[in-house]
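In what follows, a single structure is set out as structure tokens and then discussed.
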Amino acid sequence: MIDIKFLRDNIDVLRTALANRGASIDLDSILEVDASKRSTLHEMEQLRAEQNRASEEIAKLKREKADASQQLEAMKALSGRVKELDEKVRELDADLQQRLLIIPNLPDESLPIGKDETANREERRWGTPRDFDFEPKDHVDIGAALGILDFERAAKIAGARFCLSFGAGARLERALINFFLDVHTREHGYTEVLPPFMANTASFTGTGQLPKFKDDQFVIGNEGKDLYLIPTAEVPVTNIHRDEILNEADLPIKYAAYSPCFRSEAGSYGKDTRGMIRQHQFNKVEMVKFTTPETSFDELESLTANAEKILQLLELPYRVMTLSTGDIGFSAAKTYDLEVWLPGQNAYREISSCSNFTDFQARRANIRFRRGKKPEFVHTLNGSGLAVGRTAVAILENGQQADGSVVIPAALRPYMDGIERITPLK
RNA sequence: GGAGAGGUGGCCGAGUGGUUGAAGGCGGCGGCCUCGAAAGCCGUUGUACUCCAUUGGGGUACCGCGAGUUCGAAUCUCGCCCUCUCCGCCA
């Protein structure tokens, strides 16, 4: 959430930032609601103060067994007025909050300015895409030939955009989850977390999925239940510290969590319909950090490096993109996308997204730390480390051989019972 | 799902509708004592919004959440949420 005080004092900065994002927000009417709320609140508070003074006086009179009927009469009228104003303040504040909650974060100054992904800036590449002496297949064909992926039956069970894997395919995902968590906890200093896979409205609002992106979420329909399936472990893990004041000495706090992720993919009809690139459910290991404000951008670099390390260990070629102002997500101030090379698509495709949310989520979720007298908002960051399904796709496509088998990266073999390649399932 | 108990400050724990932001204790911080420490003693100790101001001072709100009764609610009423115990069901 944008600080209302910042909005009051820096409306032009905000206007430019929102224009760069391609967001149209009526800032002037927000200022109007804010001013109206504050003046009403002020008026009400003065009447309250009067009420409190009179109340004290009445108490004193009663103790002395004196007559207080005159004061009581006067307070009756005032009480009604206070109630009116209180209701008005409540309405104005609700209106204000609603408006503030749909303002996106300020993009960092280092972002390329542009209207969409074509303006994203490539920072670096690692690895070289392999030369094939045969026509490389995509993971759907590879998986079908190996008998480890079955999209038809998945559709029978749950519909389109679901995946069903068998044998080495299923084992591959489980291996990747363990491998990712081991690297992040053993080598990168993250604490492993296993969070709830559903979360409530307050949590979803805290990280920014609600109220604006309700259509992207799967809602648990049971009567009276306030629950959504998580679209990423970012939601439950960031909300671990909602409404808390952390110790500065404990920062940065670093969590790594496996979770399945559920996305309705509303509005993406026709996009990536083939294969397991875009699913309603996929596995992911997510890294989440809570930091002090002045270290968050350095922490973003190391977080990104932690995700890159996984790709390097798996010998998968990738590139790092800085998202432009027009492509960056709602809550983020800066995002690096890691794009892995997919021979089956002859393209780099997103496999990790690493973001610094600055104080945007911390303000929404009220996550603070103390180092002086006043508590301050922390900065929150998160990044995929990595998307498991897409990593499996990358391994299948990059490791495929002319005979249809798939060579498993050496680093992963200990997690695959030591086998070197996946061969057709009988 | 059924029955019961309970939600008060960083923690524990009092609290009769009227100087209760809230007794007391613990913890934290500062000081005294000490060569140093412990013990002891003294003091201090929430958050948010807001107004005036140089340090600082004032106002309002907050006792799970929301509504109601009242001149006035931590205290009374109603609804909701959460926690615990027992039973049932279940992995």
Side-chain angles (χ1 to χ4, degrees), chain A residues 1-9 30-101 194-206 210 219-220 222-228 236 239-251 253 260 290 359 361-378:
Chain A
M1 191 155 62
I2 297 297
D3 184 3
I4 182 69
K5 285 180 209 155
F6 178 86
L7 189 151
R8 278 179 214 140
D9 301 339
I30 292 177
L31 284 180
E32 277 170 35
V33 175
D34 175 52
S36 168
K37 179 209 136 185
R38 288 206 295 160
S39 71
T40 312
L41 183 67
H42 188 71
E43 190 186 342
M44 187 193 74
E45 286 187 346
Q46 291 199 319
L47 292 184
R48 273 267 170 83
E50 196 181 325
Q51 209 172 19
N52 288 342
R53 274 195 298 277
S55 208
E56 227 169 273
E57 198 185 326
I58 291 169
K60 197 190 283 178
L61 288 173
K62 292 237 167 164
R63 265 199 308 278
E64 295 164 352
K65 304 270 195 277
D67 177 49
S69 57
Q70 196 185 329
Q71 283 80 354
L72 288 180
E73 202 52 43
M75 281 306 101
K76 263 185 195 170
L78 206 134
S79 175
R81 177 67 181 148
V82 167
K83 222 165 261 184
E84 273 173 42
L85 288 173
D86 184 56
E87 197 167 323
K88 194 174 165 199
V89 168
R90 223 190 296 273
E91 280 169 21
L92 287 167
D93 191 54
D95 187 11
L96 183 64
Q97 288 306 316
Q98 213 165 349
R99 290 166 187 271
L100 288 175
L101 283 171
L194 185 63
F197 300 154
M198 305 180 205
N200 55 27
T201 300
S203 297
F204 272 69
T205 305
L210 288 179
V219 185
I220 305 298
N222 295 28
E223 197 188 340
K225 282 276 185 272
D226 173 34
L227 283 175
Y228 301 81
N239 278 284
I240 288 173
H241 296 299
R242 173 153 50 84
D243 292 323
E244 290 185 14
I245 299 175
L246 306 167
N247 296 320
E248 186 190 19
D250 295 336
L251 301 179
I253 294 172
F290 302 81
D359 61 2
Q361 294 181 325
R363 184 169 281 111
R364 287 174 160 247
N366 193 30
I367 307 168
R368 294 172 294 174
F369 76 103
R370 194 193 298 276
R371 59 178 156 191
K373 192 146 176 59
K374 283 271 162 207
E376 303 170 49
F377 288 113
V378 299

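Here is how names work: the chains are called A, B, and so on, in the same order as the sequence lines, proteins then strands, and each is numbered from 1. Source: prediction; values computed, not measured.
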field: Identity of whatever pairs with B:A14 - Watson-Crick or G-U, under 3.5 angstrom
entry: none
task: Looking only at side-chain atoms of A:Lys5, point me to the closest of B:U70, B:U50, B:A67.
output: B:U50
Nearest-nucleotide 5' precedence on RNA chain B, A:Ile245 against A:His42: A:Ile245
message: Side chain of A:Lys83, heavy atoms from C-beta onward: which of B:U47, B:U69, B:U60 has the nearest atom to it?
response: B:U69
- line: Taking a pair to mean Watson-Crick or G-U wobble geometry with both distances below 3.5 Å, B:U70 pairs with none
field: Modelled atom types, side-chain donor and acceptor of A:Asn200 and A:Ser203, under 3.5 Å
entry: yes
query: Does A:Asn52 put a side-chain nitrogen or oxygen below 4.0 Å from OP1 or OP2 of B:G72?
result: no
- prompt: Reckon A:Arg81 touches a base, only the sugar-phosphate, or nothing at all at heavy-atom distances under 4.0 Å?
  reply: nothing
message: Regarding A:Ala54, tell me which of base, sugar-phosphate or nothing describes its non-hydrogen contacts under 4.0 Å with the strands shown.
response: nothing
message: From the set B:A61, B:C71, B:U47, return the single nucleotide nearest to any side-chain atom of A:Arg48.
response: B:A61
Distance, rounded to the nearest Å, where A:Glu50 contributes CD and B:G58 contributes P: 20 Å
task: Both distances under 3.5 Å, Watson-Crick or G-U wobble: report the partner of B:G21, or none.
output: none
message: Please confirm whether the shortest side-chain N or O distance from A:Arg368 to OP1 or OP2 of B:A48 is below 4.0 Å.
response: yes
- prompt: Taking CG from A:Asp226 and C1' from B:C82, how many angstroms apart are they, rounded to a whole number?
  reply: 13 Å
- request: State the pairing partner of B:U34; accept Watson-Crick or G-U wobble contacts with both distances under 3.5 Å, and report none otherwise.
  value: none
message: For the OG1 atom of A:Thr40 and the CD atom of A:Glu87, what is their distance to the nearest 0.5 Å?
response: 12.5 Å
- prompt: Atom CZ of A:Arg38 and atom P of B:G59: how far apart are they, to the nearest Å?
  reply: 21 Å
query: Rounded to the Å, how far apart are A:Arg364 CZ and B:A48 C1'?
result: 19 Å
- prompt: For B:A61, which nucleotide is its Watson-Crick or G-U wobble mate, given both distances must be under 3.5 Å?
  reply: B:U47
- request: Flag the pair A:Arg81 and A:Glu43 as a salt bridge only when some basic side-chain nitrogen lies within less than 4.0 angstrom of an acidic carboxylate oxygen.
  value: yes
- prompt: Among B:C49, B:U60, B:U50, which nucleotide sits nearest the side chain of A:Leu41?
  reply: B:C49
- request: Starting from P on B:A67, measure out to CG on A:Asp86 and report it in whole angstrom.
  value: 8 Å
query: Is A:Arg53 near enough to B:U19 that one of its side-chain N or O atoms lies under 4.0 angstrom from OP1 or OP2?
result: no
query: So what's B:G4 paired with, Watson-Crick or G-U wobble, going by both distances under 3.5 Å?
result: B:C84
- request: Using only side-chain N and O atoms of A:Ser79, determine if any of them is under 4.0 Å from OP1 or OP2 of B:G72.
  value: yes
- line: On a heavy-atom basis, the closest approach of A:Gln51 and A:Ser79 is NE2-CA, 3.6 Å
statement: B:G9 -> Watson-Crick or G-U wobble partner, both distances under 3.5 Å, gives none
task: Consider the side chain of A:Ser55, meaning its heavy atoms from C-beta on, and name the nucleotide among B:U47, B:U60, B:G18 that approaches it most closely.
output: B:G18
- prompt: Of A:Arg370, A:Arg368, A:Arg371, which is the lone residue that meets side chain to side chain donor-acceptor pair (under 3.5 Å) with A:Glu376?
  reply: A:Arg371
message: Please tell me if A:Arg370 has a side-chain N or O lying less than 4.0 Å from either OP1 or OP2 of B:U47.
response: yes
- prompt: Can you name the closest pair of heavy atoms from A:Arg242 and A:Ile367 and give their distance?
  reply: CA-CG1, 3.9 Å
